There are 2 protein chains.
Amino acid sequence: MTAQDISLLGFALLGLVQQKPVSGYDLRKIFTSTPMGTFSDSPGAIYPALERLEKRGLIRSVIEEGSGLRRRRLFHLTPAGTVALKQWLQKPITRGDVARRINEILLRFAFSDRVLGNAGAIALLQDLQQELVAYIPTLKVSVRQQADVMPLSGALALISGIKQYESLLAWTRLAIATYQQRQSPRKRAKKGPAAS
Amino acid sequence: MTAQDISLLGFALLGLVQQKPVSGYDLRKIFTSTPMGTFSDSPGAIYPALERLEKRGLIRSVIEEGSGLRRRRLFHLTPAGTVALKQWLQKPITRGDVARRINEILLRFAFSDRVLGNAGAIALLQDLQQELVAYIPTLKVSVRQQADVMPLSGALALISGIKQYESLLAWTRLAIATYQQRQSPRKRAKKGPAAS
DNA sequence: CGATACATGTAAGAAGTTACATGATTGT
DNA sequence: ACAATCATGTAACTTCTTACATGTATCG
């Protein structure tokens, strides 16, 4: 009965609500102003999705008291919501995830250290790294096999995909190193990872 | 009346049908066996999408004669379909495309040299390059601004996005160079681009 | 007083997902 | 005869998109 039929947008909402109680409006702002917007940024998707999550008991809402502004409905995660979120975060990473649902993996990673701790985040990265190492060579083979039956731009588009995966693989190494440094900080560097 | 309400899957089909007449089954095989599968690979999406395209007069089908196998319905592009495809391929690339619809851009590129010629493919690459050059710095700024209000994994996920864009930018340079080399081939190199 | 930002929603329609149905042909 | 592959489709369901509706509070 732990029905996992929650959309990506639903999980994105679950993960954000977990970080701290927020309103639908707050959530929408996050979606419109960050790359998370790929999971939809329209009220016509967000409010119904929140309703569904509440109906399933994964989040609860309370109308914010006091203030003078229009009523804000603040959502927070329930224990059942935490369980669902953890289950999603801990699902093993498959070939299909890497081939077709790479944003879902990145979304899961984005929430993983708050929910599962550093160890959980590192585990996900290592899983991903392993799948990438296995997957990339198969992509290269298929480009070589198909390059002559498609237009040059088709072949180049495939190559762009390969390069994106290679860049992601390089990033997993950076990210793992960042976490390891955080856990054994010989010299404390005050700030996080560099943006380039 | 040139209603542009065609889904991404629809355009993917249009582009493939343009290359040579194919059946729904052929198309499905392409989707299940290549990264194009991100645009859906289920018969429940493909057959209805083909039907819609045919109703709009963008493709036509004929039942393949002869043979002995079950009837195959072969689709080919109509002149109206060519027009619609060209219009889509030539749409200017916007910030929003780069931020949220990068697969659509790559899909467009994949078809552009067959439909628009080398010059069209190069134009698209240059457009994309220009948008990337403008967009990437804004992403870096927003990471720096937000990095302290989000978990480390959140910040790292954003950085992974930046790195993907940087890798795409590097690829545009490779792709442009490949086309320029093709147009002025001092020494003919027989084969296409290297897969790594 | 009008514009803007805050804040939540709904309705109609398009398009995808999963699962099933159907049928022909080929190989064992 | 049976399984596998070729080949096309349909039905139920879910969810997203676009566009609209509603209402409060603040600022100039």
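Within every chain, numbering begins at 1; the chains are lettered A, B, ... in the order of the sequence lines, protein sequences first and strands thereafter. None of the values given here were measured: they were computed from a predicted structure.
The phosphate of D:dG9 has OP1 or OP2 within less than 4.0 Å of a side-chain N or O from B:R73. Of the side-chain N and O atoms in A:S7, none sit less than 4.0 angstrom from OP1 or OP2 of D:dT14.
Atom pair B:L8:CG and D:dT17:C1' shows a separation of 14 Å (rounding to whole Å applied). Straight-line distance from the CD atom of A:E54 to the P atom of C:dG9: 9 Å, rounded to whole Å. In this entry the distance linking OH of A:Y25 with C1' of D:dT22 reads 15 Å, nearest Å. Atom CG in A:L13 sits roughly 13 Å away from atom C1' in D:dC16 (whole-Å rounding). If you take CG of A:D5 and C1' of D:dA12, they are 15 Å apart, rounded to a whole angstrom. Spacing between atom CZ of B:R71 and atom P of D:dT5 amounts to 20 Å, rounded to whole angstrom units. Remark: P of D:dA7 and CG of B:L27 are 12 Å apart, rounded to the nearest angstrom. Following rounding to the nearest Å, B:L74 (CG) and D:dC6 (P) show an atom-to-atom distance of 16 Å.
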Show which side-chain atoms of residues 10-21 of chain B pair as donor or acceptor with protein atoms under 3.5 Å away, not counting sequence neighbours.
none

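Counting non-hydrogen atoms of other residues, nucleotides and ligands closer than 6.0 Å to CZ of B:R101 gives a total above 12.
For the side-chain contact (heavy atoms from CB on, under 4.5 Å) test, residues two or more places apart in sequence or in another chain that qualify with B:I122 are B:Q126, B:Y179, B:Q183.
For the segment residues 30-53 of chain A, the set of residues with a heavy atom within less than 4.0 Å of an atom of DNA chain C comprises A:P43, A:G44, A:Y47, A:E51, in numerical order.
Side chains of A:R60 and A:T78: no donor on one and acceptor on the other come within 3.5 Å.
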